[in-house]
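Beneath this line is the structure, given in structure tokens, with notes to follow.
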Amino acid sequence: MADQLIIFDTTLRDGEQSPGASMTRDEKLRIARLLERLRVDVIEAGFAASSNGDFECVQAIAGIVKDSTVCSLARANDRDISRAAEALKGAARSRIHTFIATSPLHMEKKLRMSPDEVFEQARLAVRFARNLTDDVEFSAEDGSRSELDFLARVCEAAIKEGATTVNIPDTVGYAIPELYGLFLKTLREKVPNSDKAIWSVHCHNDLGMAVANSLAGAKIGGARQIECTINGLGERAGNCSLEEVVMAVKTRRDYFGFDVGIDASHIVPASRMVSQVTGFVVQPNKAVVGANAFAHASGIHQDGVLKARDTYEIMRAEDVGWPTNKIVLGKLSGRNAFKQRLQELGVMLESESEVMAAFARFKDLADRKSEIFDEDILALVGDESVTAEKEQYGFVSLAQHSETGERPQAEVVFTINGKEFKGQAEGNGPVDASLKAIEAHVNSGAELLLYSVNAITSGSTESQGEVTVRLQSAGRVVNGVGADPDIVVASAKAYLSALNKLHNKAERVAAQG
């Protein structure tokens with residue numbers, strides 16, 4: 001009998017720790033709904049104690065998700081754990097995930113606590129959490145660099161106090177697959193009550209081995225939960241990639257012998273949504289979800305695939321949600337057809353007013369662009385303009401002039417708290433002039449860290465351009481995303497989107513990796 005592998009998705013928590021990847025409440029809700037359709041076992045919705053905003057996001061997700069367990073992270077203290085429990089009250093199934101560092105380096109330099117103090121705090125934290133919920137996960141932060149005997153002592157105590165899952169993270173991506181798998185195997189053998197809990201792995205990708213380490217932790221080490229994110233999103237080099245783990249297990253079931261409950265047909269839609277919400281573009285050669293993952297340029301490869309698909313393809317593109325690019329809607333399509341297509345794409349808008357706002361933008365786009373693709377629709381829904389009434393800054397219109405030998409000029413009309421303003425400026429190009437026109441009036445003083453353009457759909461000059469703008473101000477880093485057939489307009493939208501996120505100064509607390 002194959003063992004069931006639990007997929008624990010932390011896109012909304014650890015993924016959001018990528019600089020600039022913070023998400024709004026509505027964006028998190030859309031992703032959570034799609035994760036549920038993906039049949040993710042556990043959704044880590046956030047870190048409820050880190051800010052009021054994160055608390056509200058966890059609470060909202062707990063209220064709408066019925067088929068997946070909803071989890072909140074909490075440091076090993078009563079305040080964090082109580083806050084997590086409060087946020088999770090409305091969940092059909094909830095989990096509190098508490099953690100404390102156990103490596104000598106972290107205990108001495110970061111926590112400034114003795115091993116005995118860490119042991120006692122971990123034990124009491126699990127006990128406190130267990131009184132609030134039946135499902136408690138304990139994580140030993142920087143577990144892969146912890147001393148084996150001490151880590152075994154802590155894990156034994158955590159299980160004794162009621163932890164149902166024990167996670168051994170490779171927090172800094174230092175592990176090597178074989179060594180990590182053997183470390184976990186030896187650890188489980190040293191813990192007398194190890195069979196009373198499910199063991200979990202949470203690996204980072206600093207050396208490019210997060211997926212390999214996670215699979216080794218399961219195959220060699222006996223873990224039955226893998227913690228991962230869509231597109232491998234996460235701080236530094238990212239986390240273990242959900243799509244890669246799932247498809248490795250499904251494709252090489254002959255070796256791994258694991259079953260997963262994931263509906264892989266929703267993998268690509270989930271990847272697209274996370275990419276468009278965060279502005280982190282998926283590289284073309286990314287496994288499973290990259291644009292070139294199932295593309296064949298070599299004549300030999302093309303000939304082989306035409307004769308027998310499995311000569312060069314080990315999995316089918318449609319099994320992970322890659323559709324054949326087709327026109328799904330047009331300018332004559334009605335609101336009900338548009339709403340139905342949103343549901344098919346895994347997008348569930350909360351109110352009729354949001355549907356109408358997105359539909360109005362769809363009709364506007366259809367007047368300017370003859371072919372509307374799924375990616376275009378996702379971009380429309382992800383556009384900050386859909387929820388402009390909730391934002392401080394909103395885009396209205398743009399006019400720009402540029403010609404060879406002349407300095408480009410731009411005039412941007414935008415709203416601040418509902419009131420229209422007009423900014424004018426010159427620049428080195430039309431995009432530069434447009435952003436300077438906004439900044440001339442806003443005076444945010446933010447530093448531009450990144451400007452990136454990506455074509456939402458390929459194969460046509462009518463493709464919408466998706467622009468990502470990354471700004472830094474007062475130590476905060478945010479991404480803004482804008483989409484439009486006019487790349488200059490998309491740039492202005494992205495800049496205003498980033499300014500909105502800078503304006504939303506929700507307090508953040510650094511959490512476990």
Side-chain angles (χ1 to χ4, degrees), residues 8 10 13-17 44 46-50 71-81 83-84 95-130 136-161 163 165-175 179-180 183-184 186-188 190-191 197 199-207 210 213-214 217 221 223 225 227 234-240 508-513:
F8 177 112
T10 184
R13 197 280 298 172
D14 205 353
E16 196 189 26
Q17 288 179 214
E44 188 163 49
F47 184 7
S50 69
C71 173
S72 175
L73 189 70
R75 289 166 296 195
N77 63 63
D78 291 359
R79 175 192 171 275
D80 274 25
I81 294 168
R83 194 73 169 148
R95 174 183 295 186
I96 294 175
H97 179 192
T98 187
F99 73 95
I100 193 168
T102 55
S103 69
L105 180 63
H106 277 227
M107 289 190 291
E108 178 188 353
K109 301 296 184 183
K110 187 181 79 171
L111 299 179
R112 302 194 177 184
M113 295 169 65
S114 69
D116 286 343
E117 289 172 326
V118 168
F119 171 83
E120 191 66 11
Q121 190 162 325
R123 185 178 69 82
L124 294 177
V126 173
R127 176 186 293 182
F128 184 71
R130 191 65 175 79
V136 176
E137 177 170 341
F138 170 74
S139 278
E141 185 183 6
D142 206 26
S144 62
R145 294 195 296 175
S146 299
E147 292 178 346
L148 196 60
D149 289 341
F150 174 69
L151 185 58
R153 181 174 162 233
V154 172
C155 292
E156 180 184 357
I159 296 170
K160 186 177 180 181
E161 294 294 347
T165 302
V166 175
N167 182 43
I168 309 299
D170 180 33
T171 303
V172 294
Y174 185 71
L179 298 179
Y180 182 63
F183 179 83
L184 187 57
T186 306
L187 174 63
R188 290 177 60 244
K190 278 182 170 287
V191 176
W199 291 76
S200 174
V201 291
H202 176 119
C203 299
H204 279 260
N205 206 40
D206 297 71
L207 293 176
N213 283 328
S214 298
Q225 175 177 283
E227 304 193 3
E235 58 188 331
R236 304 187 314 276
N239 285 271
C240 172
R508 311 274 324 159
V509 178
Q512 166 256 8

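Here the structure is a predicted model, which means the values were calculated and not measured. Every heavy atom of this structure was used, including side-chain atoms; hydrogens, water molecules and symmetry mates were not.
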Using every non-hydrogen atom in the two residues, find where Phe183 and Ile168 come nearest and quote the distance to one decimal. CE2-CG2, 4.2 Å
Determine the minimum heavy-atom distance between Ala122 and Ile100, stating which atoms define it. CB-CG2, 3.8 Å
Any side-chain heavy-atom pair of Glu117 and Leu111 under 4.5 Å: no
Quick one, Phe150 and Val154 - any side-chain contact, counting heavy atoms below 4.5 Å? yes
Could you measure the distance from the OH atom of Tyr174 to the CG atom of Leu179? Nearest 0.5 Å is fine. 10.0 Å
Go through the steps to decide whether Asn239 and His204 satisfy the test side-chain hydrogen bond (donor to acceptor under 3.5 Å, both in side chains), and finish with yes or no. CA-CA 4 Å; Asn239 285 271; His204 279 260; 3.3 Å; yes
What are the two closest heavy atoms between Arg79 and Arg75, and how far apart are they? NH1-NH2, 4.2 Å
Thr98 and Gln121, any side-chain heavy atoms less than 4.5 Å apart: no
Rounded to the nearest 0.5 Å, what's the gap from CD on Gln17 to CZ on Arg236? Could you check? 9.5 Å
Can a donor-acceptor pair be found, under 3.5 Å and without considering hydrogens, that links the side chain of Asn205 to the backbone of Ala210? yes
I need the His106 NE2 to Met113 CE distance, nearest 0.5 Å. 14.0 Å
What pairs with Phe8 under side-chain contact (heavy atoms from CB on, under 4.5 Å), at least two apart in sequence or on another chain? Thr10, Val42, Glu44, Cys71, Arg95, His97, Glu137, Gln225, Glu227
With sequence neighbours left out, the residues meeting salt bridge (charged side-chain N to carboxylate O under 4.0 Å, His left out) with Glu120 are Arg123
For residues Ala74 and Ala84, report the shortest heavy-atom separation together with the two atoms involved. CB-CB, 4.3 Å
What's the separation between atom CG in Asp80 and atom CZ in Phe99, rounded to the nearest 0.5 Å? 7.5 Å
If you compare all heavy atoms of Leu151 against all heavy atoms of Gly143, which two are closest, and at what distance to 0.1 Å? CD2-O, 3.7 Å
Closest heavy-atom pair and its distance - Leu184, Ala223: CD2-CB, 3.8 Å
Check: Asn213 side chain, Ala175 main-chain N or O, donor-acceptor pair, under 3.5 Å: yes
Quick one: CZ on Arg83 to OG on Ser72, what's the gap to the nearest 0.5 Å? 10.0 Å
A side-chain contact here means heavy atoms from C-beta on lying under 4.5 Å apart; do Trp199 and Val191 qualify? yes
Just verifying a value: how many Å separate Cys240 SG and Asp170 CG, rounded to the nearest 0.5 Å? 11.0 Å
State whether the number of non-hydrogen atoms from other residues, nucleotides or ligands found under 6.0 Å of Glu147 atom CD is greater than 12. no
Sequence neighbours excluded, the answer for side-chain hydrogen bond (donor to acceptor under 3.5 Å, both in side chains) partners of Ser103 is Asp142
